[in-house]
Amino acid sequence: MSFHEMWAELLPVGRSAASGGYRRFAWTGADTDCRAWFRQQAEGRGLAYEVDRNGNQWAWQGDPAAGDAVVTGSHLDSVPDGGAFDGPLGVVSAFAALDALRERGARFTRPVGIVNFGDEEGARFGLACVGSRLTAGAVTPEQAHRLTDADGVTLRRAMEAAGHDPDAIGPDPERLARIGAFVELHVEQGRALDLSGDRVGVASAIWPHGRWRFDFRGEANHAGTTALADRRDPMLPYAETVLAARREARLAGAVATFGKIGVEPNGVNAVPSLVRGWLDSRAPGQDGLDAVVTGIEKAAREHAAAHGVDLDVVRESFTPVVEFDHALRDELVRLLGGAAERSVPVLGTGAGHDAGILAGRVPTAMLFVRNPTGVSHSPAEHAAEDDCLAGVDALTDALEGLACT
Ligand code: HGY
Ligand code: MN
Ligand code: MN
């Protein structure tokens, strides 16, 4: 099955007719359909297929027990109304690259694995990269079992409903010990390649980034009869904090986003009792990120106090800066540059990835494919087919150089 055919087959899975975006949330029906697609692609190629203790899917060319495997792949889940490329491009390209290696008659000297990491976006349970974090021991089973979705469904119950044993989850050092290199191909979530005129680039680093929940607690009251002076309205300090976030981020050359909000009781004619806002912030370095979040929290506490509102701030997720393995990065630059030693762009990113989680445990690298608008986490996310095929070629060259004679 060609890249184009795989792409066309996966395209409608979990896509909203209303928005054109994807709603492939962990352990839902759409996720199950994506997983079935992955298994079909694996078994259709005669690859050994398995699901690990954390629900990640693996397809193997060769015996992983031999160790020093080269693994590629990404994720198939999405953010709410996300785009078609974030995640799936890496998985489809992985199967296409393996097909290309077989067509080249490549002789494998190392096992080659293709992986679909579960719940990378954290869209349903709020923690990103759950599948890879559990495997790397970056989150404990106890922490994971405490995760609940907006309807109060726990990760445990969601896994059970999808047929996965929630008591099996946990670190998987043996599996990671068998991986000699992990290379994730991903659509670029920015415009660096568009600006440089390159189809494919190699990642240098991932910015430190995290998610914080701000709970502003005021006093519910009647919107029509409560004098302004008598209100303890949490929406006001929330709004002022959103503006403070933009100011702090701009001062630090960072980014800060309040993209998700929960309001109780959420009535048009009711002053809210609670406004819950989630901050996503990222910066080129840890000091900058610390300065931004500290500044935002300070402003939030000042505004909350001014309105007689209580505030709790909870850090829900954090990933320190990731420097990808220099030797593997440089090897990819050499392999992609080819005999002509073409220059290959090396670029950083503010986007988190499973590769960022594994980087602490196995030599890890990323390839980026040009995104002409840079737009991501949106139905408008797009990459040209020629660029996608150039990404497959680059991944094929990388895998051949790493895992074949
Ligand atoms: O949030 C991120 O950067 C990634 O898409 N999970
Ligand atoms: Mn994403
Ligand atoms: Mn992604």
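Counting starts at 1 for both ligands and their atoms, in listed order. All of these numbers come straight from a predicted model, not from anything done at the bench.
Ring orientation note: the planes of W7 and F85 are tilted relative to one another, at an angle of 30° to 60°. A tilted orientation is assigned to the rings of F368 and H353, their planes being inclined by 30° to 60°. Note on ring orientation: taking the six-membered ring where Trp is involved, the planes of H75 and H186 are tilted (angle from 30° to 60°). In this structure, F117 and W58 have perpendicular ring planes: the angle between them is above 60°, well past the 30° mark.
Evaluated by nearest non-hydrogen atom to atom 2 (C) of ligand 1, the leading choice among R282, E120, R211 is R282.
The N, O or S atom of E121 with the smallest distance to the Mn ion (ligand 2) is OE2.
Given atom 4 (C) of ligand 1, the protein heavy atom at minimum distance is G352 O, 3.3 Å.
Each of the atoms 3 (O) of ligand 1 lies under 4.0 Å from some heavy atom of A351. Which parts of ligand 1 touch E121 is read off a 4.0 Å heavy-atom cut-off, strictly below it: atoms 4 (C), 5 (O), 6 (N).
For R104 and D397, the salt-bridge test passes: some basic side-chain N is under 4.0 Å from an acidic carboxylate O.
When distances to the Mn ion (ligand 3) are checked against a cut-off of 2.8 Å, H186 contributes an N, O or S atom below that limit.
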Intermediate values then yes/no, salt bridge (charged side-chain N to carboxylate O under 4.0 Å, His left out), D149 and R124: CA-CA 5 Å; D149 69 9; R124 181 176 178 190; 3.0 Å; yes

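Contacts between H377 and ligand 1 below 4.0 angstrom, taking non-hydrogen atoms only, involve the side chain exclusively.
Here's the thing with Q189: none of its N/O atoms is less than 3.5 angstrom from an N/O atom of ligand 1.
In this structure a side-chain-to-backbone donor-acceptor pair under 3.5 Å is present from R282 to G350.
Centred on the Mn ion (ligand 2), the NE2 atom of H377 and the OD2 atom of D86 lie at an angle of 90°, reported to 10°.
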